[in-house]
Amino acid sequence: MRVAPTAIRYAGGVFCLGVFLLPFVPVLSLLFAGVSAFILFFHRDPQRVSPKHGILAPADGRVQQITTDDSGQVTVQIFMNLHDVHVNRAPISGDVIDITHSPGANRPAFTKDSDRNERMHIEIDTSNGSYTLTQIAGAFARRIHTYPEQGETVTRGDRIGHISFGSRVDLTLPEHVNRDQLAVQEGEKTRAGETVVVAET
């Protein structure tokens with residue numbers, strides 16, 4: 001089973017602690033072994049096959065909300081539960097022109113308070129407009145991991161990061177994309193790199 005890059009470090013530390021406790025508190029040692037296994041499962045990174053066309057969902061989860069700001073830009077918010085895969089993927093091919101970290105709180109990602117949470121903004125420039133992917137930390141997520149660097153080119157469906165232990169990913173579309181073009185609705189389940197969010201732009 002392939003896992004996200006940080007999984008071995010997280011799980012390994014817990015497992016080693018369990019091994020240390022084995023002679024003294026066997027039951028607690030087994031508990032740590034179980035936690036270690038859960039961490040590996042949480043950070044699983046399965047292979048995905050992307051459809052040939054369309055703007056893709058950047059995350060596994062459920063479409064929590066679809067918003068339109070004053071300028072008409074549409075944002076699709078995807079909430080990732082604990083049982084979802086937390087590896088994020090590029091919704092479209094393009095150049096990463098900006099990566100911005102915004103410090104903040106760690107409120108539950110499904111609440112309005114999460115608007116003040118720590119986040120990472122990844123702006124991808126394409127020939128058909130600029131797309132912004134926002135990785136948002138949740139109540140238990142203390143680490144946002146972003147893979148590409150500013151100036152790199154990403155390919156549609158590529159792994160571009162992961163968030164540990166519950167979180168949300170927002171996809172802000174270019175101004176020329178309207179809600180009528182969306183192929184998903186609020187409450188719908190998505191799979192990163194496979195679910196089409198916008199069929200045509």
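In this text, all values refer to a predicted model and were calculated from it rather than measured experimentally.
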* Asked: If we ignore angles and hydrogens, is there a donor and acceptor under 3.5 Å between the side chains of Asp69 and Ser71?
  -> yes
* What about His43 and His162, are their ring centers closer than 6.0 Å? -> yes
* **Heavy-atom donor-acceptor pair, Arg89 side chain to Glu194 backbone, under 3.5 Å** => no
* **Any donor-acceptor N/O pair, Gln73 side chain to Leu173 backbone, under 3.5 Å** => yes
* Can you check whether Ala59's main-chain N or O pairs, donor with acceptor, with Thr190's side chain at less than 3.5 Å? -> yes
* Check against side chain to side chain contact (heavy atoms under 4.5 Å, CB included), Met80 and Asn88 -> CA-CA 10 Å; Met80 297 183 291; Asn88 308 139; 3.8 Å; yes
* Measure from the side-chain N and O atoms of Thr126 to the backbone N and O of Gly129, and report whether any donor-acceptor pair falls under 3.5 Å. => yes
Name every donor-acceptor pair, under 3.5 Å, that has one atom in a side chain of residues 13-42 and the other anywhere in the protein, sequence neighbours excluded.
{"residue": "Ser29", "atom": "OG", "partner": "Gly18", "partner atom": "O", "Å": "2.5"}
{"residue": "Ser36", "atom": "OG", "partner": "Ala11", "partner atom": "O", "Å": "3.0"}

* To do: Could you give me the CA-CA distance, side-chain angles and deciding distance for Leu171 and Ile55, then say whether side chain to side chain contact (heavy atoms under 4.5 Å, CB included) is met?
  => CA-CA 10 Å; Leu171 174 62; Ile55 309 306; 4.3 Å; yes
* Closest non-hydrogen atom pair between Val154 and Pro148, with its separation -> CG1-CB, 4.0 Å
* Donor-acceptor contact below 3.5 Å, side chain Arg62 vs main chain Gly187 -> yes
* To do: Give a yes or no on whether the backbone of Asp180 and the side-chain of Asn178 come within a donor-acceptor separation of less than 3.5 Å.
  => yes
* **Side chain Arg159, main chain Ala90, donor-acceptor under 3.5 Å** => no
* Asked: Does Arg168 pair with Asp170 as a salt bridge, N-O distance under 4.0 Å?
  -> yes
* Asked: Is Asp60 salt-bridged to Arg48, cutoff N-O under 4.0 Å?
  -> yes
* To do: Over all heavy atoms of both residues, which pair between Leu56 and Gly193 is shortest? Give the atoms and the distance, please.
  => CD1-O, 3.5 Å
* **Heavy-atom side-chain proximity of Thr146 to Gln135 below 4.5 angstrom** => yes
